[in-house]
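The structure under discussion appears below in the form of C-alpha cells.
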Amino acid sequence: MSEKKIMLGNEAFARGAWEAGVKVSAAYPGTPSTEISENLAKYDEVYAEWSPNEKVATEVAAGASISGVRSLACMKHVGLNVAADPLYTAAYTGVGGGMVLIVADDPGMYSSQNEQDTRMIARAANVPVLEPSDSQEAKDFVKLAYEISEKYDTPVIVRSTTRLSHSQGIVELEDRIVPEDKEYKRNPAKYVMMPGNAKGRHVVVEERMKRLAEDASSMEINRAEYADLSVGFITSGIPYQYVKEAMPQASVLKLGMVHPLPRKLIEEFASKVKKLYVFEELEPVFEEQIRSWGIEVIGKELFTLQGEYSANMIRTRVLGETIEAAAPAQVPARPPILCPGCPHRSVFSVLNRLKIHGAGDIGCYTLGAVAPLNVIDTTICMGASISSLHGMEKAKGRDYIKNWVAIIGDSTFLHTGVNSLMNMVYNQSSGTVIILDNSTTAMTGHQDHAATGKTLKGETVKAISIYNLCKAMGIEHVYEVNAFDIDELAEVVKRETARDEVSVIITKSPCVLLKGVTFKTKCRELSDKCKKCGACLKPGCPALTRNEDGTIKINATMCNGCGLCMKLCKFGAIEEVEAE
Amino acid sequence: MTKNIMIVGVGGQGTLLTSRILGGIATEGGYDVKLSEVHGMAQRGGSVVTFVRYGDQVAEPIVEEGQADVLIAFERLEALRYIQFLKPDGVIVVNDERIDPITVVTGAAKYPEGILDTLRASHTVYSVEAGKKAAELGNSRTFNVIVLGVAAKHMDFPKELWLDVIEKTVPPKTVELNKKAFLLGYEH
C-alpha cells in the first residue's frame with residue numbers, strides 16, 4: 001500500500017510539482033498561494049526562490065523552461081496581473097521543459113483587494129487552465145499540467161482558490177520522476193518574439209487552442225457522472241464538492257480542464273439532463289460560453305457573482321429547503337487589527353497626531369485605514385502608494401500634498417514600489433515616502449525578500465540596502481528612524497513633508513511576530529496614577545482596555561512590551577516591567 | 001455519518017494547531033478527513049474559524065449553517081458569533097474568557113453581557129476557564145489544548161489515541177506540557 005498523508009492543498013501542489021520532477025520554482029508570496037513555495041523549498045532536489053515580484057518569477061520559470069527543465073511559478077490572482085506581460089507572450093513561445101503557473105483566486109476576499117477570476121485572464125492569454133477540487137487532485141493535476149504543457153507546447157495554469165489552497169485532505173504519495181531535460185536548440189522563430197516571428201506563433205497559438213478544445217472532450221479529468229437525469233450540474237473545483245454534498249443524486253459534469261471547454265462533452269451532457277445548472281464561483285465563464293452554443297442553462301440569475309458558494313446555496317436555491325439553524329446573534333464585529341507591539345502602530349500614531357493622509361499600499365499596514373488609526377486614505381495595488389501620491393501632486397500641485405505621505409512596506413517597495421520611486425525622482429515630485437521596514441513580508445506569514453539577507457532555501461546572502469537603493473536614485477533626503485522613536489519620527493515627518501523635494505523616511509523595527517524578536521520588558525498599568533484621559537488608547541492596541549472605573553488595564557499575556565502606550569502617557573501611569 | 005466540528009477564536013489563539021490535532025486523530029481513527037483553515041490578513045487579531053469534517057467519505061471542506069456537531073470556541077463572543085452554525089442538538093465547548101474586539105475598545109460597540117446564559121438557552125454548553133488553568137500549569141499558551149481536552153471528552157476517540165496524536169503533532173519540546181494540558185481539560 002502506498003503512503004497516505006493529510007495535506008493542505010498548497011502542500012499537495014508542492015508535492016505534485018516535486019513528483020513531476022520540477023527543478024526550478026519561483027514566486028512572490030501572496031495569500032492564498034504562499035505555502036506552495038514554502039513547501040516546495042523543503043525538497044532538496046528543487047531550486048525554489050522568492051522573486052521580487054510575479055513578473056520576475058514567471059520570467060525565471062520561462063527561462064528555466066526554455067533551457068529544458070520543468071519549471072513552476074506560483075502567485076495569487078492579482079499577482080497574475082503583474083505576471084501578465086510574460087504570460088501572454090510565453091503562450092506564443094511555448095515551452096522547452098514543461099512550464100506551469102499555479103494561481104490562487106480568492107472568492108470571498110479573505111485576504112485580497114479584489115475578486116478577479118483567473119479564468120478570464122487565461123482566456124485572454126490563450127493558456128489552458130486545470131482546476132482541481134481537493135488536495136489529491138491538487139497533486140495529480142499539477143503532474144498532468146506538465147504532461148499537457150509538453151504535449152501541446154504551452155504554459156499551463158493550475159487554478160486554485162482559497163478554499164482549496166487552505167483546506168486539508170488525504171493524499172496518496174508517489175515517487176518523484178524526473179524526465180530527461182529537453183535539449184536546447186537555438187530557435188529564434190519560436191523564442192524571439194519580434195513581429196515577424198510572433199505573427200507565425202500567433203497562428204500556432206490559435207491552432208493549439210483548437211486542438212486542446214477538441215481533445216478536451218476525451219480527457220479523463222472532464223468527467224460526466226450520470227445519475228438522476230432530471231437535474232444536471234456543470235461545475236468544477238471546490239463548487240463540485242458543494243454539489244456532491246447537497247445533491248449526491250444529481251448528474252454532474254465535473255470539469256477538470258476549465259479552459260478551453262470540452263464542447264462536445266458539454267453538448268452531450270446537456271442533451272441527457274432535463275434541467276441544467278452551471279455552478280461556478282465568480283465570473284460566468286462556463287455559462288456564457290455554453291449559452292453561446294445555444295444551450296439553455298440556469299446560472300448567475302440563481303446563484304451569485306460574489307463570494308464563495310456553498311452546499312446550503314444549492315439546498316435553498318435549487319431544492320427550496322429551509323436551513324434549520326439558530327438566528328445569527330447581533331454581536332460586535334471583530335475585524336483584523338495590527339498586533340500588540342506592531343511597529344506600524346507606532347508610525348500611524350505619529351501620522352494620526354500630525355493629521356497626515358496616507359496613500360497606502362498592500363500589507364498589514366493597510367489596517368492603518370481603520371479606526372482608531374485612520375491614516376490610510378487609498379489602497380489600490382502593490383506599489384500604488386508612491387505612484388498615486390505622485391499623480392495627486394501633478395494634478396493638484398505641491399502644496400496639496402504637504403499633508404500627505406506614501407506608505408509602503410519593505411517587501412512591497414522591492415516588489416513594484418521601486419519603479420514608482422524612480423518615477424518620482426525623474427519627474428520631479430516633492431512627495432514624502434515612508435517605507436515601513438519590518439524586515440519581512442509580514443502579512444503573508446513572514447517570508448524573506450531581497451533586503452532580509454536570507455533566501456527561501458534558508459541561505460544567508462547579501463542583503464540589498466533599501467537606504468542605498470534610494471540614495472543611488474539620487475534622492476538626497478533619505479532618513480532611517482526607529483519606528484518607536486515617536487518624537488524623532490514626528491520631527492522628521494514634519495520637516496520632510498514641508499520640503500520641496502522627494503524624500504524617503506525608512507522606519508526600522510522588525511515585525512513583532514518575527515522569529516527571534518523578543519521584547520525584554522512588558523508594560524504595566526499604575527492605576528493610582530491613571531487620569532483616565534485615554535491617550536494610551538488612541539493607537540488602538542488590543543492589549544489595552546478600560547476597567548469599569550475608566551482606568552486602564554493592560555493584558556499582560558497580549559502585551560509585547562513595545563512601550564508605545566507608556567510614551568503616550570503624560571502622567572507616568574504606565575511602567576515597564578521585566579517580561580517573564 | 002459525517003462529524004462536523006468548528007473551532008473559532010481570535011487570530012493568534014492557535015486554532016490551526018488544534019485543528020491539526022483533530023485532523024490527525026480522525027485520520028488515525030481511519031476516517032476520510034477534510035479541514036479548512038484561515039491564513040493571511042484575517043489572522044491578525046480578527047475573528048477566525050477553522051472547520052474539521054470526518055466520516056466515511058467527506059465532500060466539502062467547510063461546515064455550514066445548521067451543521068456543526070461541536071463548536072469549540074476559544075473566546076466567549078466568538079462562540080456567540082457562530083451559534084447559527086450548530087445543529088439544534090450541537091454542543092458548545094467554550095473557553096470562558098473575554099477578549100475585547102477593537103470595536104469595543106474604541107467604544108463603537110459594547111461587549112454583550114451574559115453570553116454563556118444566551119448560549120445555554122439553546123444548546124448544551126461546557127465551559128472552562130482555560131486561561132487560568134494554563135497559567136497554573138506554567139504556560140498560558142497551552143489554554144487551547146486544555147479546551148480541546150474538554151471537547152475530546154464529548155467525542156468518540158479513546159484518550160490514548162488523543163495523547164498519541166498530540167505527541168505526533170506538537171513541537172517535540174512541548175509534548176509533555178501539551179499532554180498535561182490536554183488531560184487537565186479531559187478530566188475537567
Side-chain angles (χ1 to χ4, degrees), chain A residues 4 6 8 31-32 34-35 110-111 134-135 162-170 238 240-245 248 308 310-312 323-340 364 366-367 370-372 443-445 513 537 540-542 544-546 555 557-558, chain B residues 10-12 19-20 23-24 26-27 32-47 51-52 58-62 64-67 75 77-78 80-88 99-112 115 118 122-123 131 135 140-141:
Chain A
K4 283 184 177 180
I6 183 160
L8 197 65
T31 313
T34 313
E35 301 83 3
Y110 287 88
S111 213
D134 59 21
S135 292
T162 300
R163 203 48 85 181
L164 173 64
S165 280
H166 289 162
S167 287
Q168 299 194 35
I170 293 168
I238 284 286
Y240 165 79
Q241 306 292 0
Y242 300 142
V243 174
K244 295 307 272 186
E245 195 75 41
E308 289 190 289
S310 64
N312 276 352
I323 306 299
E324 232 184 282
Q330 291 298 316
V331 293
R334 192 188 298 274
I337 43 167
L338 296 172
C339 305
C364 291
T366 311
L367 296 170
V370 295
M443 189 168 70
T444 43
L513 298 183
L537 290 175
C541 175
L544 269 68
T545 48
R546 277 190 199 271
N555 181 326
T557 319
M558 290 172 83
Chain B
V10 178
S19 68
R20 279 171 191 188
T27 313
D32 185 21
V33 187
K34 281 188 180 163
L35 271 77
S36 201
E37 314 173 338
V38 177
H39 299 231
M41 188 187 243
Q43 271 182 300
R44 302 276 175 265
S47 169
F51 307 108
V52 181
V58 179
E60 66 172 323
I62 61 170
E64 302 187 27
E65 281 91 341
Q67 292 181 346
E75 199 269 355
L77 177 60
E78 295 312 305
L80 187 56
R81 187 186 310 282
Y82 293 98
I83 193 164
Q84 70 275 21
F85 281 80
L86 277 163
K87 282 179 180 164
I99 300 174
D100 285 355
I102 194 70
T103 46
V104 170
V105 174
T106 58
K110 272 194 79 148
Y111 195 95
I115 289 179
T118 312
S122 55
H123 291 89
S140 52
R141 291 176 62 183

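Hydrogens, waters and symmetry mates play no part in the numbers below; they use all other heavy atoms, side chains included. Labels below follow one simple rule: chain letters A, B, ... track the order of the sequence lines, proteins then strands, and each chain is numbered from 1.
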Quick one: of A:G445, A:A325, A:A311, who has the most non-hydrogen atom pairs under 4.5 Å with chain B? A:A311
Under 4.5 Å heavy-atom distance to chain A, tell me which part of B:S122 shows up: side chain, backbone, both or neither. neither
Quick check: are there more than 12 heavy atoms from other residues, nucleotides or ligands sitting under 6.0 Å from CZ of B:R141? no
For B:Y82, is it the side chain, the backbone, both, or neither that has a heavy atom closer than 4.5 Å to a heavy atom of chain A? neither
Side chain / backbone / both / neither for A:N555 at chain B, heavy atoms under 4.5 Å: neither
Is any side-chain heavy atom of A:E324 closer than 4.5 Å to a side-chain heavy atom of B:E65? no
Between A:K4 and B:T27, is the side-chain contact (heavy atoms from CB on, under 4.5 Å) condition met? List the steps. CA-CA 10 Å; A:K4 283 184 177 180; B:T27 313; over 6 Å; no
Which atoms of A:L544 are under 4.5 Å from chain B, going by heavy atoms: the side chain, the backbone, both sets, or neither? backbone
Region of B:K87 that comes under 4.5 Å of a non-hydrogen atom in chain A: neither
Could you tell me which of B:G66, B:A59, B:S19 has the largest number of non-hydrogen atom pairs under 4.5 Å with chain A? B:A59
Quick one: closest heavy-atom pair of A:A327 and B:I83, and the distance? O-CG2, 4.2 Å
With A:R334, which of B:I102, B:D100, B:V104, B:L77 fulfils side-chain contact (heavy atoms from CB on, under 4.5 Å)? B:L77
Nearest heavy-atom neighbours spanning A:P335 and B:T103: CD-CG2, 4.3 Å
For the residue pair B:V105 and A:C541, establish whether any side-chain heavy-atom pair is separated by less than 4.5 Å. no
Under a plain distance cut-off of 3.5 Å, with no hydrogens placed, do A:R163 and B:S36 share a side-chain donor-acceptor pair? yes
Which bit of B:V33 is near chain A, if near means a heavy-atom gap under 4.5 Å: side chain, backbone, both or neither? both
Heavy-atom donor-acceptor pair, B:R81 side chain to A:P328 backbone, under 3.5 Å: no
Is the closest side-chain heavy-atom distance between B:L35 and A:H166 below 4.5 Å? no
I'd like to know which of A:S135, A:P340, A:A333, A:G540 tops the heavy-atom pair count under 4.5 Å against chain B. A:A333
Which atoms of A:E35 come close to chain B, meaning under 4.5 Å heavy atom to heavy atom: side chain ones, backbone ones, both, or neither? side chain
Given the options A:I170, A:N312, A:T162, A:V331, which has more heavy-atom pairs under 4.5 Å with chain B than any of the others? A:N312
Under 4.5 Å from any heavy atom of chain A - which part of B:I115: neither
Which atoms of B:R20 come close to chain A, meaning under 4.5 Å heavy atom to heavy atom: side chain ones, backbone ones, both, or neither? side chain
Applying a strict 4.5 Å limit to non-hydrogen atoms, the region of B:I62 in contact with chain A is side chain
Based on non-hydrogen pairs under 4.5 Å, which of B:V58, B:I99, B:T106 is most in contact with chain A? B:I99
Could you tell me whether the side chain of B:E37 reaches within less than 4.5 Å of the side chain of A:S167, counting heavy atoms only? no
Among A:P372, A:G169, A:S310, A:P542, which residue has the highest count of heavy-atom pairs closer than 4.5 Å to chain B? A:S310
Side chain proximity check, B:E64 to A:E245, heavy atoms < 4.5 angstrom: no
Nearest atoms (heavy-atom pairs only) where A:I238 meets B:P61: CD1-CG, 4.1 Å
On a heavy-atom basis, the closest approach of B:A109 and A:P332 is CB-CB, 3.6 Å
